[in-house]
Amino acid sequence: MLASSAVLRRQHFLIRSLGTHNNQNHTQRIRYIQTVTMVAEADAENILRRITPILDPNRHKGQAGKVAVVGGCREYTGAPYFAAISALKLGADLSHVFCTKDAAAVIKSYSPELIVHPVLEESYSVRDDEKRAVSTKVLAEVARWMERFDCLVVGPGLGRDPFLLLARRSNVPIVIDGDGLFLVTNSIDLVSGYHLAVLTPNVNEYKRLVQKMLGSEVNDQDASQQLLALARSIGGVTILRKGKSDMISDGYSVHTVSIFGSPRRCGGQGDILSGSVALFLSWALQSSTAPGDSTTSLSNPMVLGCIAASALLRKAASVAFENKKRATLTSDIIEHLGQSLDDICPAC
């Protein structure tokens, strides 16, 4: 009973945070029902070259990407840090973290490069009769920053606290990971039809989505068709299913990334991925047509960003493992992100 009440509180808070969104783009993208399904290994290196911007001395701060991560609480400070710093290491100009006051000093101590906003509240510190007022205040504080960001990452290190899940304004791309997926799965209308949303589920998160939306169990024998059906059932979103081979679908087709990464499964690699997806999809949006005008998956910036991030993380993880073997940590992988990208897209 208590668990059920907690879930409802989390759902209601997220609904208030996200609000409603325009379904016009969903109507435009419903065309995928009439397309031919395609499953193919993505040409990740060419996609990386296609969307990664050149280093132009005429550009000013912010034009290479402004990413924000909403997450981080007293118990979880590593996840939002990994996501935010990964975007910086790949070439973003600015990376923000919106977290609780308890987490802010810790996250800031990891790197002075991050812009940390200690504006979120943890529910244990707020009385029941104060929650509505505090929620309104927190949302207003975050909302005034939203138009400055190219992409928002929601979920890393949230601890499933109802006062920690804040999300996008209309037309701000959003990557939903970790505990953000837990809440969205229980209230799928929050993202249904929103073409700028990317979901990055791991094995367990994907299982919950399939059970919720398709009413079945995960079918690895027909994985691509099931992923396609899941993306179609949600409508408009792009799903990056993490696994031995990453699979990406926006409902048009399925693309796989099978580049060998690392057998070392240290925690935090999903956080690197979410921060990387945020940056690459923002670059893809800069170099592509609007996603609402897409007619194929490979003209959809959300899909391009997922493919690029998946491949780049795998390449960096492989290099890190080659050097550290069993001792490889997430921080080692992060240190190889920049060089891995430069090997494919030289800065000079």
Side-chain angles (χ1 to χ4, degrees), residues 14 17-19 21-22 25 51-53 59-72 79-100 103-104 107-108 111 113-120 137-158 164-180 184 190-191 194-200 237-238 240 271-288 290-292 300-302 304-306 308-309:
L14 184 57
S17 301
L18 291 180
H21 50 257
N22 192 334
N25 289 312
I51 67 175
T52 301
R59 303 185 84 183
H60 58 74
K61 181 176 67 178
Q63 287 186 302
K66 304 179 293 297
V67 172
V69 178
V70 180
Y81 164 75
F82 289 146
I85 202 68
S86 295
L88 280 183
K89 290 286 187 177
L90 285 168
D93 285 340
L94 297 168
S95 196
H96 296 245
V97 176
F98 290 86
C99 61
T100 66
I107 294 172
K108 190 69 176 177
S111 172
E113 307 292 341
L114 301 179
I115 302 170
V116 181
H117 306 262
V119 299
L120 307 185
K137 179 181 177 181
V138 170
L139 286 171
E141 176 66 22
V142 178
R144 70 186 185 90
W145 288 87
M146 284 302 101
E147 64 182 18
R148 309 184 192 192
F149 301 133
D150 298 312
C151 189
L152 195 67
V153 180
V154 177
L158 282 172
L164 298 178
L165 234 179
L166 302 173
R168 54 149 178 81
R169 288 280 190 176
S170 293
N171 297 321
V172 176
I174 180 170
V175 179
I176 303 177
D177 185 43
D179 286 309
V184 165
L190 295 171
V191 294
Y194 189 60
H195 66 271
L196 293 177
V198 174
L199 312 183
T200 60
V237 306
T238 297
L240 192 168
D271 304 312
I272 298 177
L273 182 65
S274 61
S276 302
V277 169
L279 179 63
F280 280 122
L281 72 80
S282 70
W283 285 350
L285 279 165
Q286 291 178 14
S287 63
S288 304
N300 181 352
M302 305 299 107
L304 296 176
C306 288

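Just the heavy atoms: all of them, side chains too, but no hydrogens, waters or symmetry mates, feed the values below.
The side-chain heavy atoms of Val175 and Leu240, taken from C-beta on, include no pair separated by under 4.5 Å. For the pair His96 and His117, the minimum side-chain heavy-atom distance is below 4.5 Å. Residues Gln63 and Pro53 form no side-chain contact, since every pair of their non-hydrogen atoms from C-beta on lies 4.5 Å or further apart. Two residues are said to be in side-chain contact when any heavy atoms from C-beta on lie closer than 4.5 Å; Thr52 and Trp283 meet this criterion. Looking at heavy atoms from C-beta onward, Thr238 lies in side-chain contact with Asn300 at the 4.5 angstrom threshold. Using a 4.5 Å heavy-atom cutoff, the side chains of Leu120 and Val70 are in contact. Looking only at side-chain heavy atoms (C-beta outward), Leu279 and Ser276 stay at 4.5 Å or farther from each other. Contact annotation: the side chain of Pro301 never approaches that of Leu281 to less than 4.5 Å [non-hydrogen atoms, C-beta and beyond].
In this structure, the side chain of Asp93 engages the main chain of Ala64 through a donor-acceptor pair within 3.5 Å. No donor-acceptor pair under 3.5 Å is formed between the side chain of Ser274 and the backbone N or O of Ala83. Under the 3.5 Å distance criterion, the side-chain polar atoms of Gln286 are left unmatched by any main-chain donor or acceptor of Gly65.
If you take OG on Ser282 and CD1 on Ile51, they are separated by 8.5 Å, rounding to the nearest 0.5 Å. For the atom pair CH2 of Trp145 and CD1 of Ile115, the computed distance is 6.5 Å after rounding to the nearest 0.5 Å. Expressed to the nearest 0.5 Å, how far CD1 of Ile107 lies from CD1 of Ile85 amounts to 11.5 Å. We find the CG-CG distance between Asp177 and Asp271 to be 6.0 Å, quoted to the nearest 0.5 Å. Put simply, SG on Cys151 and CG on Leu285 are 8.5 Å apart, with the number rounded to the nearest 0.5 Å.
Of all non-hydrogen atoms in Lys61 and Leu94, the two that sit nearest each other are CD-CD2, 4.2 Å. Nearest heavy atom pair, residue Ser111 against residue Tyr81, reads CB-CE1, 3.9 Å. Among all heavy-atom pairs drawn from Asp150 and Gly62, the shortest one is OD2-O, 4.1 Å. Of all heavy-atom pairs between Phe280 and Ala308, the closest is CG-CB, 3.8 Å. Heavy atoms only, all atoms of each residue included: Pro118 and Ala104 are closest at CB-CB, 3.4 Å.
Under the 30°/60° scheme for interplanar angles, the aromatic rings of Phe98 and Phe149 are found to stand perpendicular.
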